[in-house]
2 protein chains.
Amino acid sequence: MTIKTKAKETWLTPAQMSERSGVSIDTLRYYEKEGLLQNVSRAASGHRRYSSEDILWVEVLRCLRNTGMSIDQLRHYCALGAQGTGTEPERLALLNAHRQKVLQDIEKMQKALELIDHKISFYGSKTE
Amino acid sequence: MTIKTKAKETWLTPAQMSERSGVSIDTLRYYEKEGLLQNVSRAASGHRRYSSEDILWVEVLRCLRNTGMSIDQLRHYCALGAQGTGTEPERLALLNAHRQKVLQDIEKMQKALELIDHKISFYGSKTE
DNA sequence: CCTTGACCTGGAGTGCGCTCCAGCTATTAG
DNA sequence: CTAATAGCTGGAGCGCACTCCAGGTCAAGG
């Protein structure tokens with residue numbers, strides 16, 4: 001159970017959050033709908049107010065998304081987080097598995113890069 | 001103009017080509033339709049027969065696709081190749097631009113990896 | 001009071017890169 | 001000859017990750 005410190009936080013409006021995180025407002029709402037972003041606060045008006053915690057978490061989400069984790073996997077990971085204590089081993093396992101995948105992806109990219117470089121060097125000489 | 005050596009080549013059927021290249025038959029046809037795979041030979045029956053050149057080229061296509069080049073960009077690159085001599089500088093430029101993008105992507109992945117590792121190390125200690 | 005603009009919701013639409021399908025032809029095994 | 005297998009075509013369909021839209025609410029400025 002994460003205890004939110006009641007200290008004055010600077011809440012961000014959707015527009016500010018979007019600007020700050022580089023994620024569109026629509027996508028933020030989409031993430032929330034999919035359960036990737038939980039317990040987003042609301043102003044009396046019903047408008048969202050994002051906390052600094054949310055900012056950090058969206059950063060993590062983007063990091064995982066950018067490295068190829070699917071929304072579905074992310075949803076699973078977040079669901080574990082929501083269940084709280086006891087799920088840490090599984091969460092850790094998921095992260096480790098993802099880490100391996102990213103390492104492999106990087107390797108593949110580097111292999112591909114070699115081929116591209118090779119192809120480029122062909123153009124250096126006259127014949128294709 | 002690429003002059004095909006008339007020497008006995010071992011032509012591959014679509015099924016063989018698919019097996020060999022790891023690209024599905026449907027995708028091979030799709031690539032051809034999109035102009036990424038040109039002048040594929042045909043048997044008298046009308047069935048495709050892929051040459052060893054085709055094998056090599058599909059490998060290049062996959063390499064570029066795997067590193068994030070879009071079908072659209074690939075189409076452009078292939079169109080240049082089809083136009084023949086004179087387009088080499090532009091082709092080279094495209095490859096170089098792509099190379100830069102791949103380098104940046106690798107860097108981003110490595111940055112992301114750091115965050116993931118950091119997150120993983122958190123689970124090593126007890127608090128999330 | 002009226003307008004403006006940011007935000008709300010549920011749901012429809014989009015773009016990409018395939019993937020599948022119907023209906024047909026050709027080749028091969030028995 | 002027949003049946004099974006592989007391939008052909010044009011076009012429809014799919015999954016993912018958003019992205020957009022209609023129709024409505026709310027708060028502030030003039």
Side-chain angles (χ1 to χ4, degrees), chain A residues 10-51 54 57-78 98 101 105 108 112, chain B residues 10-51 54 57-78 98 101 105 108 112:
Chain A
T10 17
W11 303 98
L12 297 191
T13 65
Q16 290 166 334
M17 180 63 165
S18 173
E19 159 100 1
R20 189 110 156 203
S21 64
V23 174
S24 81
I25 294 180
D26 271 317
T27 300
L28 287 169
R29 272 200 300 254
Y30 169 67
Y31 284 176
E32 196 178 334
K33 200 164 13 175
E34 295 301 323
L36 310 192
L37 203 46
Q38 291 159 1
N39 310 119
V40 174
S41 296
R42 299 290 180 127
S45 60
H47 293 190
R48 288 172 181 79
R49 289 293 114 97
Y50 296 95
S51 70
D54 294 332
W57 181 242
V58 168
E59 221 171 279
V60 173
L61 284 181
R62 286 315 304 173
C63 167
L64 294 173
R65 280 288 303 121
N66 288 338
T67 49
M69 187 176 283
S70 72
I71 296 291
D72 216 64
Q73 291 168 107
L74 240 11
R75 187 169 22 230
H76 183 199
Y77 181 69
C78 293
H98 185 63
K101 210 183 73 68
D105 288 351
K108 277 183 207 159
Chain B
T10 18
W11 302 98
L12 297 191
T13 65
Q16 290 167 334
M17 180 64 165
S18 173
E19 160 99 3
R20 189 110 155 202
S21 63
V23 174
S24 81
I25 294 181
D26 271 316
T27 300
L28 287 169
R29 273 199 299 254
Y30 169 68
Y31 283 176
E32 197 178 334
K33 204 171 356 182
E34 296 300 324
L36 311 192
L37 204 45
Q38 290 160 359
N39 311 118
V40 174
S41 296
R42 298 291 180 127
S45 62
H47 292 190
R48 288 172 179 78
R49 288 296 112 98
Y50 296 95
S51 71
D54 293 332
W57 181 242
V58 168
E59 221 170 282
V60 173
L61 283 181
R62 286 316 304 174
C63 167
L64 294 173
R65 280 290 301 122
N66 288 338
T67 49
M69 187 177 283
S70 73
I71 296 291
D72 217 64
Q73 292 168 106
L74 239 12
R75 187 170 22 231
H76 182 200
Y77 181 69
C78 293
H98 185 63
K101 208 183 74 70
D105 287 350
K108 277 184 209 161

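Labels below follow one simple rule: chain letters A, B, ... track the order of the sequence lines, proteins then strands, and each chain is numbered from 1.
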Distance test, side-chain N/O of [X] to OP1/OP2 of [N], below 4.0 Å:
| X | N | result |
| --- | --- | --- |
| A:Arg49 | C:dC8 | no |
| A:Thr27 | D:dT19 | yes |
| A:Thr13 | C:dC7 | yes |

**OP:** Flag the pair A:Glu59 and A:Arg65 as a salt bridge only when some basic side-chain nitrogen lies within less than 4.0 angstrom of an acidic carboxylate oxygen.
**Re:**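 A salt bridge is absent here (no side-chain N lies under 4.0 Å from a carboxylate O).
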Heavy-atom check, side chain of [X] versus side chain of [Y], under 4.5 Å:
| X | Y | result |
| --- | --- | --- |
| A:Cys78 | A:Tyr31 | no |
| A:Met17 | A:Val58 | yes |
| B:Ser41 | B:Trp11 | yes |
| A:Thr67 | A:Asp105 | no |

**OP:** Return the residues of residues 58-73 of chain B meeting this criterion: a heavy atom under 4.0 Å from some atom of DNA chain D. Order them by number, or give none.
**Re:**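 Nothing qualifies; none.
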Original post:
Where each residue is assigned the nucleotide of DNA chain D containing its nearest heavy atom, which of A:Tyr31 and A:Ala44 is assigned the position nearer the 5′ end?
Top reply: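 It is A:Tyr31 whose nearest nucleotide is closer to the 5' end.
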Length of the [atom1]-[atom2] vector between [X] and [N], whole Å:
| X | N | atom1 | atom2 | result |
| --- | --- | --- | --- | --- |
| B:Glu34 | C:dC16 | CD | C1' | 11 Å |
| A:Glu32 | D:dT19 | CD | P | 17 Å |
| B:Met17 | D:dC8 | CE | P | 12 Å |
| B:Leu28 | D:dA6 | CG | P | 16 Å |

**OP:** Could you please spell out the steps behind the salt bridge (Lys or Arg N to Asp or Glu O under 4.0 Å) verdict for B:Glu32 and B:Arg42?
**Re:** CA-CA 13 Å; B:Glu32 197 178 334; B:Arg42 298 291 180 127; 3.7 Å; yes
Subject >> Nearest-nucleotide comparison on DNA chain C, the residue closer to the 5′ end among A:Arg48 and A:Lys33 >> reply: A:Arg48
**OP:** Return the 5'-most residue of the pair A:Ala15, B:Asp26 with respect to DNA chain C, ranking by each residue's nearest nucleotide.
**Re:** A:Ala15
Nearest to the side chain of [X], which nucleotide is it out of [options]?
| X | options | value |
| --- | --- | --- |
| B:His47 | C:dT19, D:dC8, D:dT19 | D:dC8 |
| A:Ile25 | C:dC7, D:dC18, D:dA6 | C:dC7 |
| A:Tyr30 | D:dG7, D:dC18, C:dC8 | D:dC18 |
| A:Arg29 | C:dT19, C:dT9, D:dC8 | C:dT9 |

Is it the case that atom [atom1] in [X] sees more than 12 heavy atoms from other parts of the structure closer than 6.0 Å?
| X | atom1 | answer |
| --- | --- | --- |
| B:Arg20 | CZ | no |
| B:Lys108 | NZ | no |
| A:Glu19 | CD | no |

Subject >> Relative orientation of the end axes in the helix from C:dC1-D:dG30 to C:dG30-D:dC1, expressed as an angle to the nearest 10° (five pairs per end) >> reply: 10°
